[in-house]
Protein chains: 2
Amino acid sequence: MNNRVRQLRGEFKITQERLADRLGVSRQTVISIENGRYNPSLVLAYKIAKIFACSIEEVFDFSEVEIGE
Amino acid sequence: MNNRVRQLRGEFKITQERLADRLGVSRQTVISIENGRYNPSLVLAYKIAKIFACSIEEVFDFSEVEIGE
DNA sequence: ACTTAACGTTAAGTACACTTTACATATTAG
DNA sequence: CTAATATGTAAAGTGTACTTAACGTTAAGT
């Protein structure tokens with residue numbers, strides 16, 4: 001799933017390390033999310049969105065998520 | 001973290017099994033989420049919200065989530 | 001030339017999201 | 001009374017979100 005974390009972090013001009021500190025996670029976690037290795041947990045996604053003054057849906061791209069009948 | 005899944009499922013009058021089918025997960029997963037055993041993944045949270053025509057933040061209560069300095 | 005800052009990788013470990021199977025209980029329908 | 005429906009619990013297994021630690025690269029500052 002694509003996300004706008006790297007873009008938003010650029011707009012807010014903060015480093016991965018600074019973002020990781022604010023989120024309370026390791027720098028590796030920020031790298032992994034930015035590089036699409038895995039998706040954040042629900043709570044972490046929420047924290048990311050709030051730091052960038054967005055909703056979760058504005059940061060993460062759910063357009064490829066399919067929902068059944 | 002609290003959520004409104006059980007309440008919304010009641011309003012939409014569908015069973016846990018039916019919801020699980022639409023989400024593509026097991027019934028146990030729905031039970032665990034409704035009963036607060038654990039939080040859904042980001043993608044699952046999105047699917048739940050869409051089925052009930054809500055945003056993620058309208059379904060899940062993030063009021064106790066703290067964000068650092 | 002050397003250092004520091006920022007970003008990235010790899011690897012091994014822990015915790016949790018989710019699965020399957022099996023069984024228990026309460027309520028409702030025939 | 002019996003059977004079906006809906007909800008719940010327990011246990012053991014798999015995959016992924018996240019951690020720590022160590023190391024490599026590139027660009028900027030002095």
Side-chain angles (χ1 to χ4, degrees):
Chain A
M1 195 182 50
N2 290 336
N3 67 67
R4 300 202 303 136
V5 176
R6 188 187 304 267
Q7 177 203 330
L8 287 162
R9 187 172 59 77
E11 291 172 10
F12 279 71
K13 296 203 195 325
I14 61 175
T15 68
Q16 290 174 337
E17 192 158 24
R18 171 74 179 135
L19 178 58
D21 283 348
R22 290 204 61 197
L23 293 169
V25 299
S26 70
R27 188 171 64 92
Q28 301 316 313
T29 295
V30 171
I31 291 172
S32 294
I33 291 167
E34 284 192 359
N35 291 345
R37 289 186 168 282
Y38 47 70
N39 294 325
S41 70
L42 182 55
V43 169
L44 185 51
Y46 174 79
K47 289 180 176 176
I48 292 170
K50 288 312 123 184
I51 283 177
F52 295 133
C54 290
S55 68
I56 292 176
E57 284 93 345
E58 284 168 338
V59 179
F60 298 92
D61 174 18
F62 296 101
S63 63
E64 290 173 10
V65 176
E66 309 270 351
I67 299 170
E69 2 104 50
Chain B
M1 195 182 49
N2 290 337
N3 67 67
R4 300 202 303 135
V5 176
R6 189 188 303 268
Q7 176 203 329
L8 288 161
R9 187 171 59 76
E11 290 172 9
F12 279 71
K13 295 203 194 326
I14 61 175
T15 68
Q16 290 174 337
E17 192 158 24
R18 171 74 179 135
L19 178 57
D21 283 350
R22 290 203 62 197
L23 293 170
V25 299
S26 69
R27 189 170 64 89
Q28 300 316 313
T29 295
V30 171
I31 291 173
S32 293
I33 291 167
E34 283 193 359
N35 291 346
R37 290 188 166 280
Y38 48 70
N39 294 325
S41 70
L42 182 54
V43 169
L44 186 52
Y46 174 79
K47 289 180 178 176
I48 292 170
K50 286 312 120 187
I51 284 177
F52 296 133
C54 290
S55 69
I56 292 176
E57 279 119 355
E58 284 168 340
V59 178
F60 298 91
D61 174 18
F62 296 100
S63 62
E64 290 174 10
V65 176
E66 308 271 351
I67 299 169
E69 6 105 47

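Since this is a predicted model, take the numbers as computed values, not measurements. Values reported hereafter were calculated over all heavy atoms of this structure, with side chains retained and with hydrogens, waters and symmetry mates removed. In what follows, every chain begins at residue 1, and chains take the letters A, B, ... in the order their sequences are listed.
Residues A:L8 and A:I48 fail the side-chain proximity criterion, which asks for heavy atoms closer than 4.5 Å.
Applying the ring-ring contact (aromatic ring centres under 6.0 Å, His included) test to residues at least two apart or on different chains, none of the pairs has a partner in residues 15-37 of chain B. Sorted by first then second residue, the side-chain hydrogen bond (donor to acceptor under 3.5 Å, both in side chains) pairs that include residues 21-33 of chain A, not counting sequence neighbours, are A:S26-A:T29. Applying the ring-ring contact (aromatic ring centres under 6.0 Å, His included) test to residues at least two apart or on different chains, the pairs with a partner in residues 6-44 of chain B are B:F12-B:F52.
As a whole-Å value, the separation of B:D21 CG from D:dT7 P is 13 Å.
The partner of D:dT30, taking Watson-Crick or G-U wobble pairs whose two distances both stay under 3.5 Å, is C:dA1.
Not one N or O on the side chain of B:Q7 forms a donor-acceptor pair closer than 3.5 Å with the backbone of B:R4.
Among residues two or more places apart in sequence or in another chain, the ring-ring contact (aromatic ring centres under 6.0 Å, His included) test is passed with A:F60 by none.
Around the CD atom of B:E64, the shell of radius 6.0 Å holds no more than 12 heavy atoms that belong to other residues, nucleotides or ligands.
Minimum interatomic distance between A:Q16 and A:E34 (heavy atoms only, all atoms of both residues): NE2-OE1, 3.2 Å.
Looking at residues 49-64 of chain A, you'll see that no heavy atom sits under 4.0 Å from any atom of DNA chain C.
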* **Nucleic acid footprint by protein, nucleotides 4-18 of chain C - heavy-atom cut-off 4.0 Å, B for base, S for sugar-phosphate alone** => --SBBBB------SB
